[in-house]
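What follows is a single structure, written as structure tokens, with notes after it.
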Amino acid sequence: MTPNVQLEVERKYEVPAGAELDWSTLPVLTVEPEQVPRDLHAVYFDTPGNRLAAFGIVLRRRKGGPDAGWHLKYRDQMGKHELHVPMLKTSDRLPAQMKQYVAGLLAGQELEPLATVVNNRQVLNVQHPDFGHVAEICIDDVVATDERAGLKRSWSEYEVELVNGSGADGTAVFEELETALFAGGLKPSASAAKIARAMGADDDAAAVTVTDLNGDPVGGSKDESKADKKKSKQKADAKKKDESKKKGKSKGKDKGKFNDKGATPAQETPVDPAAVEPEQVAPESAEDQVWVLVNTSVAGLLYADFLLRIGDPEGVHAVRVATRRLIAVIEGVGQELAGESHPELSEQLAAFSDQLSAARDAEVVVELLPQRAALVGEQVSSAGLGQLNALAQSNRESTRAAAVRHLNSKAHMQLLADLATWAEGIELNPKAREISTKKLATRAVKRWSRAVAEADQTLPSSQDAAQETAAVTQEGPAGEDNQAEHPEIELPDAQIKISQAVDLVHAHRKALRNLRYGLDGLAVTTGLVPKKSWRGLLDNAGQIQAELSQMMDSAVMDDWFAFAARSLIRTGGDRYVVGLLHGHERARVQDYERRAPELIDRLLSETSPDA
């Protein structure tokens with residue numbers, strides 16, 4: 001089921017005592033109050049270690065109002081979004097659809113109530129003479145219960161939210177409304193979200209009243225309350241440090257961790273899908289640095305898994321990048337790690353990445369097909385191209401659906417849980433603890449560089465490659481059989497040669513990606529810096545990498561055109577267009593095949609410095 005996702009554009013305002021607003025002064029907009037207030041009751045959930053909050057994600061169940069249901073709030077480069085799933089008849093149960101959306105982020109951990117927020121809301125609808133309903137002004141009187149601390153917090157606020165799709169200039173709407181809001185004494189609120197305030201993020205704010213569950217004030221004055229909190233934090237930090245010393249290890253995980261870092265819930269900071277960085281306080285030892293590197297990489301995979309689950313257009317690519325980045329990290333520092341589970345985890349990650357290949361190839365086809373048709377020009381009929389576009393879109397949807405189904409499998413969920421547990425307990429082996437961070441980082445970069453140089457040694461023999469090419473030639477994307485009468489098909493020498501060249505480029509490109517992702521991972525930490533002679537390995541390899549990628553994309557298109565031709569034979573479609581495009585693509589692949597050795601030689605010279 002496609003999730004219902006809404007873009008939220010809103011601003012909050014503090015309400016001082018005695019504030020009075022005059023909406024009649026607005027030059028263009030008019031404000032119309034709803035007759036009946038909304039009584040909203042929301043329960044927020046997270047894991048005991050605030051795993052969702054660490055990713056800037058909020059999960060709540062709201063009763064009352066027109067949008068009652070389960071809501072998931074998250075941010076990306078476009079802004080803040082809210083994903084809705086209806087409540088079940090047993091409203092307290094988490095619907096299976098919402099459970100699947102957050103399953104990867106939780107990685108086996110359970111949810112628990114975080115806070116209960118009761119809100120009496122008066123809604124004012126903002127109308128524009130040309131665009132109609134353009135915004136809502138919500139006047140909120142809030143009482144929140146911190147379920148963990150056993151405290152109540154109450155406050156009042158105004159919230160202005162734009163209506164999606166109205167066509168009005170949002171900036172102009174906010175500016176006009178704020179003339180009346182500020183004239184009435186209101187001020188912009190520093191609160192990130194109601195759940196953040198409910199959990200104590202704004203206890204210093206004059207608008208917030210803190211009491212115990214009986215309604216008695218807590219902590220005296222604001223200053224006294226702040227001092228008490230500071231003392232409590234100092235005691236807690238001292239206790240944690242003492243416990244760490246008793247265990248004989250003071251690790252970077254006490255300084256910054258992606259799944260239990262004590263972050264204030266629902267700060268809703270933007271998250272980079274490619275890498276979710278833990279909060280860092282400059283860990284000093286090599287073990288601290290490696291702990292941050294590994295946990296950052298695992299966090300990036302969990303968040304990319306979430307993006308794919310909720311239907312993000314870049315979800316497949318994000319998961320593939322995050323998976324490969326984690327593989328690169330394991331291959332780079334694995335020999336310095338204690339324990340024996342990481343090689344097996346790396347193999348499982350590689351298998352997972354391979355399972356997403358069909359979905360990623362399908363996206364490449366959808367992206368490149370219009371470009372390929374444009375190169376041929378008027379020879380491509382609109383009807384023929386329409387058939388190919390429909391086939392490409394259908395293949396993308398089916399392969400993407402298969403990828404999401406795999407995310408919900410027991411095997412994948414166990415892999416994520418194992419990765420989270422493994423990352424939490426990362427330690428260096430005794431010998432590795434004696435080396436410097438620079439030497440450890442240099443060792444990792446040398447391993448990635450060596451893998452580029454030795455990539456061709458991972459390829460099968462020429463005979464095995466020919467047999468594999470024959471098998472691939474008889475199957476289309478996602479393993480579709482062409483119903484060949486003679487499966488023992490013999491391939492022309494030229495086609496076998498092309499396949500071998502593609503395999504060679506693929507192996508070196510894969511190793512080059514590991515080098516790039518590994519160096520990206522090192523950049524996340526503050527101390528894993530290799531020796532100077534090994535820092536700029538990719539400075540001059542960008543063009544080579546782009547050419548290798550273009551060759552692999554062309555190989556993907558070549559395979560897909562062959563698959564499309566077989567599909568059109570069965571359905572009686574227009575085979576002229578696909579034959580024309582396939583011929584051009586085959587010529588392009590043959591040209592790449594001729595250039596492949598030169599590209600590989602250039603690549604090896606760029607990524608194997610004389611150190």
Dump the intermediate steps for side-chain contact (heavy atoms from CB on, under 4.5 Å) on Val294 and Trp422, then the final yes or no. CA-CA 9 Å; Val294 169; Trp422 165 73; 3.5 Å; yes
OH of Tyr517 to OG1 of Thr323, rounded to nearest 0.5 Å, is 10.0 Å
Quick test of your reading of the model: are Lys80 and Glu161 salt-bridged, counting only N-O distances below 4.0 Å? no
What heavy-atom pair brings Leu21 and Gly184 nearest, and what distance separates the two atoms? CD2-CA, 3.7 Å
To the nearest 0.5 Å, how far apart are CZ in Phe45 and CG in Leu111? 7.5 Å
Any salt bridge between Glu363 and Arg396, counting N to O under 4.0 Å? no
Just by distance, do the side chain of Ser394 and the backbone of Ala390 share a donor-acceptor pair under 3.5 Å? no
So does Ala149 get a backbone contact from the side chain of Asp146, meaning a donor-acceptor N/O pair under 3.5 Å? yes
Kindly say whether Leu349 contributes a backbone atom to a donor-acceptor pair with the side chain of Ser353 at under 3.5 angstrom? no
Measure the shortest side-chain to side-chain distance between Pro33 and Gln122 over non-hydrogen atoms and say whether it is less than 4.5 angstrom. yes
Is a side-chain N or O of Asp212 found less than 3.5 angstrom from the main chain of Asn214, in a donor-acceptor match? yes
Would a distance-only check, ignoring hydrogens and angles, find a side-chain to backbone donor-acceptor pair under 3.5 Å from Asp140 to Glu157? no
Would you say that more than 12 heavy atoms from the other residues, nucleotides or ligands in this model lie under 6.0 Å from the NZ of Lys63, or not? yes
What is the distance from atom CG of Leu308 to atom CD of Glu314, rounded to the nearest 0.5 Å? 11.5 Å
Heavy-atom nearest pair, Val365 first then Ala392, reads CG1-CB, 3.9 Å
Heavy atoms, side chains only, cut-off 4.5 Å: are Met98 and Leu83 in contact? yes
Residues Arg513 and Asp520 bridged, charged N to O under 4.0 Å: no
Donor-acceptor contact present, side-chain Glu176 to main-chain Leu29, <3.5 Å: yes
Measure the spacing between CZ of Arg11 and CG of Leu162 and express it to the nearest 0.5 Å. 8.0 Å
Kindly indicate, with the supporting measurements, whether the criterion side-chain contact (heavy atoms from CB on, under 4.5 Å) is fulfilled by Ile57 and Asp46. CA-CA 9 Å; Ile57 292 174; Asp46 206 337; over 6 Å; no
Please check if any side-chain donor atom of Arg309 sits under 3.5 Å from a side-chain acceptor atom of Tyr101, or the reverse. no
Over all heavy atoms of both residues, which pair between Ala207 and Arg197 is shortest? Give the atoms and the distance, please. CB-NH1, 4.5 Å
Checking Asp305 side chain against Leu105 main chain: does a donor-acceptor pair fall under 3.5 Å? no
Over all atoms of both residues, closest heavy-atom pair of Ser297 and Leu326: CB-CD1, 3.7 Å
Mind checking the CH2-OG1 spacing from Trp23 to Thr30? Nearest 0.5 Å is all I need. 11.5 Å
Within the side chain of Arg400, is there an N or O that forms a donor-acceptor pair under 3.5 Å with the backbone of Ala359? no
Any Glu82 side-chain heavy atom under 4.5 Å of Asp67 side chain: yes
Indicate the ring-plane relationship of Phe352 and His406, choosing parallel, tilted or perpendicular according to the 30° and 60° boundaries. parallel
Evaluate the side-chain contact (heavy atoms from CB on, under 4.5 Å) criterion for residues Val126 and Val160: first the C-alpha distance (whole Å), next the side-chain angles of each, then the deciding distance (0.1 Å), finally the verdict. CA-CA 10 Å; Val126 180; Val160 177; 6.0 Å; no
Looking only at heavy atoms, what is the nearest atom pair of Ala193 and Lys12, with distance? CA-CE, 4.1 Å
Using a 4.5 Å cut-off on heavy atoms from C-beta on, say whether the side chain of Val142 contacts that of Val117. yes
Give the intermediate values and the outcome of salt bridge (charged side-chain N to carboxylate O under 4.0 Å, His left out) for residues Glu34 and Arg121. CA-CA 10 Å; Glu34 290 186 357; Arg121 169 172 288 181; over 6 Å; no
With the threshold set at 4.0 Å, does a side-chain nitrogen-carboxylate oxygen contact exist between Lys194 and Glu10? no
Are any side-chain N or O atoms of Trp291 and backbone N or O atoms of Glu424, one a donor and one an acceptor, separated by less than 3.5 Å? yes
Just wondering, do Ile310 and His81 contact through their side chains at under 4.5 Å, heavy atoms? no
So do Leu177 and Tyr13 actually touch side chain to side chain, heavy atoms under 4.5 Å? no
Compare every heavy atom of Glu147 with every heavy atom of Pro113, then report the nearest pair and how far apart it is. O-CB, 4.0 Å
Are the side chain of His133 and the backbone N or O of Ala135 linked by a donor-acceptor pair below 3.5 Å? yes
Could you go step by step and tell me if Thr525 and Asp288 meet the side-chain contact (heavy atoms from CB on, under 4.5 Å) rule? CA-CA 10 Å; Thr525 61; Asp288 289 346; over 6 Å; no
Heavy atoms, side chains only, cut-off 4.5 Å: are Asn408 and His412 in contact? no
For the atom pair CG (Leu106) and CG (Leu52), what is the distance rounded to the nearest 0.5 Å? 5.5 Å
Report yes or no: do Asn120 and Asp39 form a side-chain donor-acceptor pair below 3.5 Å? yes
Given side chains that start at C-beta, do those of Arg360 and Val364 come closer than 4.5 Å, heavy atoms only? yes
